[in-house]
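Everything below concerns the one structure shown next.
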Amino acid sequence: SNEERTALREASLEYGTVPAYATLKPQERTEWKRFLAKRYGKPTTEVSQEDWERANGFKYPSIVHTALDAGLRPIEVGRAKTYWVDIANSTLRIPEEDSSKNQDNWTVSLRHETTEYLSRWLEERELYEKYDETDTLWLTRHSNPYSSSSLRYVLEAVCDIAEIDRDISWYAIRHSTGTYMAREEGLAAAQSQLRHHNIETTAKYDQAPVEDRRNALDNMG
């Protein structure tokens, strides 16, 4: 539902933190303090332990918000590259060679809020050594691309924070994106947003409730 989608967005902001202070080397601590100083708009010398403890990272918010906007398949989360992200135009640009079915280049719209989280994540991402030799947008704590199982773990944790007491899958998120996009903007918009090659595939998302269709008839006269 729309309420659950909003709850997932908010809960993602509480999931995941910057590295524990005690686990970092002195030079790494200095780099993270600079990052936190910029984030909180204060001098590096004034970054406190409290700032450190309350600092949530932007990896998980960027994953969850992007998935909700783009209806990303799990394989697409794993394949996502930094060069997909077009901050200036609030879009994902997925080239044909990276597309899950290797069909067509896709331009996917993003909310401005999502773009902001992606921008912050790209900045934060530079602080992690495991990203030095790869353009993969997101990696797990074990430096692997995300898979269906690792994403399921993330989603379950975010659902717990959001107090959603039922099973929600990544494909359920994708389905909801298609359903609401079709309802708001029509099948053509849903087709582009979900990256369907054939409009027939998108037709199953055309599930406007009876009440909405009745209202449409009333408005049509």
Looking at every heavy atom in both [X] and [Y], which two are closest together, and how far apart are they?
| X | Y | answer |
| --- | --- | --- |
| W170 | I63 | CH2-CG2, 3.8 Å |
| V154 | Y15 | CG1-CE2, 4.0 Å |
| R125 | L137 | NE-O, 3.5 Å |
| A7 | A162 | O-CB, 3.7 Å |
| S62 | T66 | O-OG1, 2.6 Å |
| S147 | S149 | OG-OG, 3.0 Å |

Heavy atoms from other residues, nucleotides or ligands near [atom1] of [X] exceed 12 (cutoff 6.0 Å):
| X | atom1 | result |
| --- | --- | --- |
| Y83 | OH | yes |
| K130 | NZ | yes |
| D135 | CG | yes |

Going by heavy atoms in the side chains, are [X] and [Y] under 4.5 Å from each other?
| X | Y | result |
| --- | --- | --- |
| F58 | E116 | no |
| L92 | V85 | yes |
| Y171 | R73 | yes |
| T114 | R9 | yes |
| L127 | F35 | yes |
| R111 | E113 | yes |
| T140 | Y146 | yes |

Nearest 0.5 angstrom please: [X] [atom1] to [Y] [atom2], how far?
| X | Y | atom1 | atom2 | answer |
| --- | --- | --- | --- | --- |
| W84 | L72 | CH2 | CG | 7.0 Å |
| L36 | E46 | CG | CD | 13.5 Å |
| D132 | E126 | CG | CD | 8.0 Å |

Query - Derivation and outcome, side chain to side chain contact (heavy atoms under 4.5 Å, CB included), residues I173 and L155 - result: CA-CA 10 Å; I173 290 176; L155 186 54; 4.0 Å; yes
Report task. Please name all residues satisfying salt bridge (Lys or Arg N to Asp or Glu O under 4.0 Å) with E28, sequence neighbours left out, ordered by chain then number. Result ->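 For E28 there are no salt bridge (Lys or Arg N to Asp or Glu O under 4.0 Å) partners, ignoring immediate neighbours.
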Query raised in the report: Given the rule in the salt bridge (charged side-chain N to carboxylate O under 4.0 Å, His left out) test, do E156 and R152 qualify, once you have shown the distances and angles that lead to the verdict?
Result: CA-CA 6 Å; E156 288 175 353; R152 188 182 309 115; 5.4 Å; no
Query raised in the report: Any chance the side chains of R5 and T177 put a donor and an acceptor closer than 3.5 Å?
Result: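 The criterion, which ignores hydrogens and geometry beyond distance, is satisfied for T177 and R5.
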Query raised in the report: Is the distance between the ring centroids of W32 and Y128 under 6.0 Å?
Result: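 When the ring centroids of W32 and Y128 are compared, they turn out to be within the sub-6.0 Å range.
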